[in-house]
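Inspection log for the structure reproduced underneath, given as structure tokens.
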Number of protein chains: 2
Amino acid sequence: MKRYTTQRAAIEQVFRRHDRPLGVLEVLAAGRKKVPSLNQATVYRNLKDMVAAGQLKAINHPQRGTLYERSEKAHHHHFHCHSCNRVYELPGCALKQEKVVPDGFVLENHEIFLSGICDQCARQ
Amino acid sequence: MKRYTTQRAAIEQVFRRHDRPLGVLEVLAAGRKKVPSLNQATVYRNLKDMVAAGQLKAINHPQRGTLYERSEKAHHHHFHCHSCNRVYELPGCALKQEKVVPDGFVLENHEIFLSGICDQCARQ
DNA sequence: GTCGTTGCAAAGCCTTTGCAGGGAA
DNA sequence: TTCCCTGCAAAGGCTTTGCAACGAC
């Protein structure tokens, strides 16, 4: 039976607090504020379980590597700020649905990764 | 001074022959047909040099990892067939340019990764 | 003959796994 | 008490690097 450990609780809390895609080390660092003994392997294992359970979604980001976000969100895409290195979620979809793929190809999924500078960094 | 080795020539030939994004192991396997002693480290080093020289472009593909393609091509995106695992280049851009990012954000680059089944695999 | 390049093997990252001890139920 | 989960350390992939031998010029 699945056990609800303090480590697991800490990791879930991290995702409730920070509402944006997070990398393993971000989860580890934030989780250790609550459970200082938290181990990297434990984070990896829990993230994997949470993805398998449908609780989280893993994103393979071209610049940031594997990121995790809560899966309850609607379809959206990601913006990477190369100044602060954060990844933002942008609601909605910017894909022109017509004539995206050649005849004969079956389009099933798509991912759009935007990058540039975020509003906070641009203001400075 | 830069030396034009047989290994380098073999790698360049691979990209001339296969006109689609290739992974390191694909380049290695194809290159060994011409230079059997070709080493993986040599491929890595040459691909890196060729990217630095602007001859190739590296793509971080969510499913396939790092791929390399000739950089002379016009802006385009990629379609991954999850049946044959090949990545195709699709000419043109399917990004709706208007209202892609929130006010204040500066959009500089974007990548679109499409996936599904290619025409060849769909026919079977 | 020079000295950049190669092959090999070792070492670095990131991620996964084996195992004994610890803690949730 | 049971047995799943954790922490630790070792081991896997992929990629980079150190070094002696090689080969392009």
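Quick caveat: nothing in here was measured; it's all calculated off a predicted structure. Letters A, B, ... mirror the listed sequences (proteins, then strands); counts begin at 1.
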Under a 4.0 Å heavy-atom cutoff, the residues of residues 31-40 of chain A touching DNA chain C are A/Q40

Notebook entry, point to check: Does the pair A/E12 and A/M50 meet the rule for a side-chain contact (heavy atoms from CB on, under 4.5 Å), with working shown?
Noted result: CA-CA 9 Å; A/E12 292 190 352; A/M50 291 162 82; 3.7 Å; yes

Between C/dT15, D/dG7, D/dC14, which nucleotide gets closest to the side-chain atoms of A/Y44?
->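 My answer, after comparing the listed nucleotides, is C/dT15.
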
List the atom pairs, donor and acceptor, that lie under 3.5 Å between side-chain atoms in residues 107-120 of chain B and the rest of the protein, sequence neighbours left out.
{"from": "B/E108", "atom 1": "OE1", "to": "A/H82", "atom 2": "NE2", "distance (Å)": "2.7"}
{"from": "B/H110", "atom 1": "NE2", "to": "B/H75", "atom 2": "NE2", "distance (Å)": "3.2"}
{"from": "B/H110", "atom 1": "NE2", "to": "B/H77", "atom 2": "NE2", "distance (Å)": "3.4"}

Round to a whole Å and report the spacing from [atom1] of [X] to [atom2] of [N].
| X | N | atom1 | atom2 | result |
| --- | --- | --- | --- | --- |
| B/H61 | D/dC14 | NE2 | C1' | 18 Å |
| B/K48 | D/dT17 | NZ | C1' | 10 Å |
| A/N46 | C/dA24 | CG | C1' | 14 Å |
| A/R64 | C/dT15 | CZ | P | 11 Å |
| B/E26 | D/dC14 | CD | C1' | 15 Å |

For A/D49, enumerate each residue passing the side-chain hydrogen bond (donor to acceptor under 3.5 Å, both in side chains) test, keeping only those at least two apart in sequence or located in another chain.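 If we apply the side-chain hydrogen bond (donor to acceptor under 3.5 Å, both in side chains) test to A/D49, skipping adjacent residues, there are no hits.
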
Would you give me the side-chain donor-acceptor pairs under 3.5 Å for residues 30-42 of chain B, sequence neighbours excluded?
{"from": "B/R32", "atom 1": "NE", "to": "B/L38", "atom 2": "O", "distance (Å)": "2.7"}
{"from": "B/R32", "atom 1": "NH2", "to": "B/L38", "atom 2": "O", "distance (Å)": "2.9"}
{"from": "B/N39", "atom 1": "OD1", "to": "B/A41", "atom 2": "N", "distance (Å)": "2.8"}

Heavy-atom closest contact (A/R70 atom, A/E72 atom, distance):
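Looking at all heavy atoms of both residues, the closest pair is NH2-OE2, 3.1 Å.
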
Those residues at least two apart in sequence (or on a different chain) that pass salt bridge (Lys or Arg N to Asp or Glu O under 4.0 Å) with A/E26 are A/R20, A/R64

Contact string for nucleotides 19-25 of chain D, one letter per nucleotide 5' to 3', B = base within protein heavy-atom range under 4.0 Å, S = sugar-phosphate only, - = neither, reads ----BBS

